[in-house]
Amino acid sequence: MARCDYEEAGGTALLATYAAMHPDNERHVNLLSSIHFGRPENRYRELGIQISRDAIAAGVHDVPVFANLAAELVDLGRIEEAREVHARVAQANANIVFSQKTKQRAKENFEARIHFQQMEYAKADEIFRRLIAEWPLREDAEFSRYGRLKLAMNQHDEAAAVYNDGLKRLPKNCELWQELGTVYSTTGDVPTALATWEKGIAAVPKCGLNYNEAARLLIKQNRVPEAKQKLDSLIKIAPNSDEYWREVLSQT
């Protein structure tokens, strides 16, 4: 996806071709489903779930496929189904050499995700703090997940700090810029939110997330011409983007 400059429709189509050519390749299947899980606004989550389910039914026995599917099911509130899938992670791990600490970390991350989905934020935060003390945040999904938890707890300064730390490490991560801007928009700081999304646009010009968020906020501020201008800029620079701008534009 990074090589496609976040033109996710084109990148996903390319990977789908690879997966169709090599249906027994666990890496391709997992990457394709993961991309659908990560596409904007969760609009392709169910497709990613179906790809994972089909792969498992076809005999794929891969830890990341099980783990990623279980995580998405948690986020949808399908907890028991998620636990059934996650149990297969342990079965698959039995054939792989992982340290006990690594296995425990994966298990606790899964439980923290469940607590977050069930709005048991203090319990999720307790787990995350314990894990972060031993394994500092490194990946974009880790910064995103912990930042969203802090935002849900109304700890806005801490949420912003998490995202800023993530952007120091991953300055071209489109989603982290989007979510940092959301922290400011949640507190009513419109100028800082818009400025943050502008930085996200400058960092990753072809990613639609920051254009769309800025347009939404401008519409709420009755600044419709500016919102349309923002979306026109996206259309011009990324004609192969996922076109969520159409839905945002319809709000005008």
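Only this structure's heavy atoms are used, side chains among them; waters, hydrogens and symmetry mates stay out.
Between Thr196 and Gly181, the closest heavy-atom pair is CG2-N, 3.6 Å. Of all the heavy atoms in Arg138 and Leu170, the pair that sits closest is O-CD1, 4.0 Å. Across all their heavy atoms, Leu76 and Arg45 have their closest contact at CD2-NH1, 3.4 Å. Looking at every heavy atom in both residues, Ser144 comes nearest to Leu176 through N-CD2, 3.9 Å. Across all their heavy atoms, Gly77 and Gln117 have their closest contact at CA-NE2, 3.4 Å. Across every non-hydrogen atom of Ile219 and Ala227, the tightest pair is CG1-CB, 3.7 Å.
Residues Asn68 and Glu72 have side chains that never bring a donor and an acceptor to within less than 3.5 angstrom of each other.
Looking at Trp177, its side chain does come within 3.5 Å of a backbone N or O of Pro171 through a donor-acceptor pair. Between the side chain of Ser185 and the backbone N or O of Thr182 there is at least one donor-acceptor pair closer than 3.5 Å. Side chain of Asn30 to main chain of Glu26: no donor-acceptor pair is present (N/O by atom type, distance under 3.5 Å, no hydrogens or angles).
Look at Glu175 and Arg148 and you find no salt bridge, because none of the NZ, NE, NH1 or NH2 atoms lies under 4.0 Å from a carboxylate O. Salt-bridge formation is detected for the pair Asp125/Lys150: a Lys NZ or Arg NE/NH1/NH2 atom is positioned less than 4.0 Å from an Asp or Glu carboxylate oxygen. The existence of a salt bridge linking Glu213 and Arg216 is confirmed by a sub-4.0 Å separation between a basic side-chain nitrogen and an acidic carboxylate oxygen. One finds no salt bridge joining Arg105 and Glu134 here, because no Lys/Arg side-chain nitrogen approaches an Asp/Glu carboxylate oxygen to under 4.0 Å. Between Glu111 and Arg83, at least one side-chain N (NZ, or NE/NH1/NH2) sits under 4.0 Å from a carboxylate O, which counts as a salt bridge.
Below 30°, between 30° and 60°, or above 60°: for Phe110 and His86 the angle between ring planes is below 30°, a parallel geometry.
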Please tabulate, for the side chains in residues 187-194, all donor-acceptor contacts under 3.5 angstrom to protein atoms that are two or more places apart in sequence or on a different chain.
| residue | atom | partner | partner atom | Å |
| --- | --- | --- | --- | --- |
| Thr187 | OG1 | Tyr184 | O | 2.8 |
| Asp189 | OD1 | Thr192 | N | 3.2 |
| Asp189 | OD1 | Thr192 | OG1 | 3.0 |
| Asp189 | OD2 | Thr192 | OG1 | 2.8 |

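Under the 4.5 Å side-chain heavy-atom criterion for Ile, Leu, Val, Met, Phe, Trp and Tyr, Ile132 and Val162 are members of the same hydrophobic cluster. By the rule that hydrophobic residues join a cluster once side-chain heavy atoms approach within less than 4.5 Å of another member, Leu149 and Met119 end up as members of one cluster. Under a hydrophobic clustering in which Ile, Leu, Val, Met, Phe, Trp and Tyr are joined whenever their side-chain heavy atoms come within less than 4.5 Å, directly or via other members, Val183 and Leu167 fall into the same cluster. No continuous path of ILVMFWY side-chain contacts below 4.5 Å connects Ile114 to Phe37, so the two sit in separate hydrophobic clusters. Cluster membership check: Tyr44 shares its hydrophobic cluster with Leu15, using side-chain heavy-atom separations under 4.5 Å among Ile, Leu, Val, Met, Phe, Trp and Tyr.
Contact check for Arg113 versus Ile127: no side-chain heavy atoms found under the 4.5 Å cut-off. At least one side-chain heavy atom of Thr186 sits less than 4.5 Å from a side-chain heavy atom of Leu151. Contact of the Asp75 side chain with the Phe116 side chain is not registered, since no non-hydrogen atoms from C-beta on lie closer than 4.5 Å. Phe128 places a side-chain heavy atom less than 4.5 Å from the side chain of Arg145. Trp197 is listed as a side-chain neighbour of Leu217, based on a closest heavy-atom distance under 4.5 Å.
Among Ile51, Val74, Ile49, the one residue that satisfies the side-chain contact (heavy atoms from CB on, under 4.5 Å) test with Leu69 is Ile49.
Residues satisfying the side-chain contact (heavy atoms from CB on, under 4.5 Å) test with Glu198, not counting sequence neighbours, are Ile201, Lys230.
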